[in-house]
Structure formats: structure tokens, C-alpha cells
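Read through the structure below, which is laid out as C-alpha cells, and then see the notes.
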Amino acid sequence: MPIPVISATGLWTPPHSVSNEELVESFNAWADKWNADHTAAIQAGEVEPKPHSSVEFIEKASGIKSRYVVDKAGVIDPAVMAPRIPERPNEEISVLAEIAVKAARQSLDAAGRDPKDVDAVLCAASNMQRAYPAMAIEVQQALGIEGFAFDMNVACSSATFGIQTAADFVRSGSAKSVLMVNPEICSGHLNFTDRDSHFIFGDVATAVLVEAEDIAPADHWKILHTHLKTQFSNNIRNNFGFLNRAAPEGIGATDKLFVQEGRKVFREVVPMVAAMIQEDLDALGLQGTDLRRLWLHQANANMNRLIAGKVLGHEASEDESPTVLDTYANTSSAGSIIAFHTHSGDIKPGEKGVICSFGAGYSAGTVFVERAA
Ligand code: COA
């Protein structure tokens, strides 16, 4: 049976960063205007005034200091409070495919892989920009890849689910080289007028090339073990879809964007993920301390501190569990892959680690890797 490995990764970062200060300033200006426009209703007790957001709260509660976005002007304009991404004609590459291709090219170049020798493309992401044709097929065409491509969405866990799917294709012999991309324009589904969540997400694209060991470059990552898990929950939800296209405004309009019960998510997901990693370690006959590094999903610094602490048996250092959400914020499926891409160069042959993602569904996935000798 062919053995799947990770040959290379890629990362595309948008050029514009928005600091907490800039985001809070625009939110507070929007809230002040909203309160001024609703003075009579507020005074009559019919609606609550919108309270200000705070930089200190955001950093303490989440660890986020800034985020990259594809359109900064719209996001921080109190009169807009959303990214303005011009629609493109069908003849032009769509924006999600374009950023996926940028990350993909980096991973192909790093592996020395000619796109013609890739057999399949998976677009694994939370925020697909359209229903069909699949984003993955557009990426496939833009890169000149033959074979097949399709989209898959398991929210923030999409990348680990994508890696296991790619690895299974390699094992079964249906593909020898699988490109998995995670383009995430999270700013498109974020409600920038919701104080509880306006700071959470950022935009990015990542790529992972999963291949049969016999064609992979010498410097690759063995995949020791993968594990996927899902358990239904409404605590992170987005009801946007073509069945509700007729009612974009009014009652329920905000549920067509990201909404969550952040506290419940925190409480329920931390033990679920820590137990899952422990179960995997037991299956592999390893201790937490055998892991050189944990590349965790980047949603909340305090969540990661708790998960890493449970797995390692001690408070994790930044070296053991690196953070990228301070500069990238939550980038949904791409977060753990950014952490892996930017913090794996120093890992020595034979050293092991785990890529782990978790989020809406609930869903969680682990990919245990070892740097090849
Ligand atoms: N600025 C200032 N205050 C704010 C605020 C903001 N932007 N947002 C919320 N607050 C207030 C709340 O109103 C609340 O006030 P109260 O105590 O008077 O009611 C207080 O701060 C605490 O809010 P809470 O929502 O309970 O904060 P928290 O400590 O749970 O942190 C999250 C919020 C979202 C950062 C945190 O719950 C989290 O990250 N959860 C996990 C999320 C996750 O992983 N989601 C997956 C997404 S894919």
C-alpha cells in the first residue's frame, strides 16, 4: 500500500493588516452613530444602546492583536463595516481561487512538483464563495492540473479532514499527489457590528501537498496517524445559504453571518480536543512529552494554553505550542497550517508533532507527523 506523506506547504498572506486599535475605533464610531440614530428608542427603553468595544478585552479574552484582511478600507469604515470585494465576471478567476492558487504554487515550488504531476485538488475551507462549480476545480484549471477536484467544508477543521482525505486517496491508489488548499476570506462572513465577535477572524490561504512517499522530496513529513471526530452543536453557526436569499434584511438577518456561544464553545471543545489527542497518543504508544511541537488551531490563546497544558502535563512554551493568532487572528481551517508552515523549519529529522484543528460542527481533527530523516 502506498504510504502518504506531507511533501510541502504554502501560505499566502493578504497585504493589509488591521490592528485591534483600528478595529475598535471603527466599531466605536459605528456604535456612537447607531446610538445617535436611535436616541428616541433608547430613551423610551425600546432598545439597548450599543456599548463600546475595547482593545484590552480583545487581547485578554482571545490573544488576538491584529488580523490580515483582503479589504481593509471597507472593514474599518464605520459606514460600511464589511469587506468590499468587487464581483468579477465569470471569465476572470474568482478571488477565492486566486488566493488558493498563490498558496498552492508556493507548496508546489517547495516540493519541486510540476502541476501536471498532481492528480487531485481538494479545496477544504469554511467560506466557499459560491455553491458551484467547485472552487477546487477552478484552482485545478488555473494550475493546469489533470485528474479531479472537489470542495469540502468541515468549518475550522477542514484542513485536517482534507489531509486525511488526501492521505486516504494516496493509500487507496486513487491518487499519488494531492493538493489540498484552504482559502479563507473569513471577513466575508464576519459581522463587524457585533461587539462579541467583530475581532475574531482574518483572511489568508494555505496549501498542503500530500503525496506517496516514493515520489515525495527527501525532506518531507511522515504522517504517523490521523483522527477525525464530529459531534453536532449549534454553538457555532452560520445560516447563510441560497434557501434564505430572499430575506437578507430584518429579523434573523444577523444569523446569516457567523454567530457563536463563545463561552460554551470554550468549555466544551477544550476537553474534547485534549481527550482526543490523548487517545491518539495512547494509540501510538507515545507520551505528550514525545511531541516536539503542537500546531494547534488558532481560535483563542487561552484555549490553546489549556489544551497544550493537558497534553504535555506542563504549561506549554511558545516553542512547544506556537501562536500565530496574535497577528493572523482566527483564520478558520488555515490556522493550524499557518502555525505548521511558519514554525516547522527547526524541527529535526525523527522529531514528532501534531497538527490539530477544531471548530464548528463540532469538529476536530489530528494529524501526527514526524520529520523524515
Ligand atoms: N469589548 C469589550 N467587552 C466585550 C467585548 C468587546 N469586544 N465583547 C464582549 N464583551 C463583554 C461581554 O459583554 C461580557 O460582559 P458581561 O460580563 O458584562 O456580560 C464580557 O465582556 C465577557 O464576555 P464573554 O463573551 O463571556 O467573553 P469570553 O471571555 O468568553 O471571551 C471569546 C469571548 C469569544 C473570545 C471566547 O469565548 C472564545 O474565544 N471562545 C471560543 C471561541 C471559538 O473557539 N470559536 C470557534 C470559532 S471557529
Side-chain angles (χ1 to χ4, degrees), residues 18-32 34 48-67 76 81 124-127 153-161 182 184-204 230-231 233-238 240 254 257-274 296-308 323-326 328-339 356-365:
V18 179
S19 67
N20 284 345
E21 287 75 9
E22 290 171 303
L23 197 72
V24 165
E25 192 185 327
S26 73
F27 178 91
N28 291 348
W30 171 85
D32 290 345
W34 191 94
E48 291 290 323
K50 301 282 182 196
H52 277 186
S53 182
S54 113
V55 171
E56 295 69 34
F57 170 84
I58 294 171
E59 192 172 336
K60 188 161 180 288
S62 71
I64 296 165
K65 295 179 185 161
S66 58
R67 71 284 296 142
I76 61 166
M81 302 297 271
S126 293
N127 302 290
N153 183 347
V154 203
C156 289
S157 299
S158 298
T160 49
F161 278 63
N182 322 105
E184 293 284 14
I185 302 189
C186 301
S187 58
H189 79 148
L190 188 51
N191 183 351
F192 286 94
T193 66
D194 175 33
R195 187 177 72 136
D196 289 352
S197 64
H198 75 115
F199 55 89
I200 288 182
F201 288 102
D203 304 335
V204 83
T230 48
Q231 183 186 307
S233 167
N234 278 321
N235 289 334
I236 313 168
R237 191 159 172 141
N238 183 338
F240 182 81
T254 52
L257 293 166
F258 168 87
V259 284
Q260 74 166 351
E261 296 279 350
R263 277 272 157 105
K264 287 188 188 159
V265 174
F266 197 113
R267 245 193 348 257
E268 291 168 11
V269 172
V270 168
M272 173 175 140
V273 172
L296 298 179
H297 174 49
Q298 302 286 314
N300 180 295
N302 299 323
M303 271 176 116
N304 285 5
R305 193 174 48 76
L306 286 172
I307 292 169
T323 307
V324 300
L325 82 109
D326 51 348
Y328 280 89
N330 183 342
T331 50
S332 198
S333 67
S336 58
I337 306 300
I338 305 174
C356 175
S357 57
F358 43 86
Y362 293 136
S363 57

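Read the numbers this way: they start at 1 and go in the same order the structure lists the ligands and their atoms.
For a threshold of 3.5 Å applied to N or O pairs, the pair formed by Asn300 and ligand 1 contains at least one separation below that value. Geometrically, ligand 1 and Gln260 share a nitrogen or oxygen pair separated by less than 3.5 Å. The N/O atoms of Ser62, backbone and side chain alike, include none that comes under 3.5 Å of an N/O atom in ligand 1. Residue His52 has no N or O atom closer than 3.5 Å to an N or O atom of ligand 1.
When distances from atom 44 (O) of ligand 1 to the protein are checked, a heavy atom turns up under 4.0 Å. Within a 4.0 Å radius of atom 15 (O) of ligand 1, the protein contributes no heavy atom. Distance check for atom 19 (O) of ligand 1: every protein heavy atom is found at 4.0 Å or beyond. In this structure, atom 10 (N) of ligand 1 is in close contact with the protein, since a protein heavy atom lies within 4.0 Å of it.
The backbone and the side chain of Ala61 each have at least one atom closer than 4.0 Å to an atom of ligand 1 (non-hydrogen atoms only). If you look at Ile236 next to ligand 1, the close heavy atoms, those under 4.0 Å, all belong to the side chain.
Taking all heavy atoms of Asn304, Asn330, Val265, Asp196 into account, the minimum distance to atom 47 (C) of ligand 1 is reached by Asn330.
Applying the 6.0 Å contact sphere to CZ of Phe266 captures more than 12 heavy atoms from other residues, nucleotides or ligands.
The closest approach between a heavy atom of Gly359 and any atom of ligand 1 is not below 4.0 Å.
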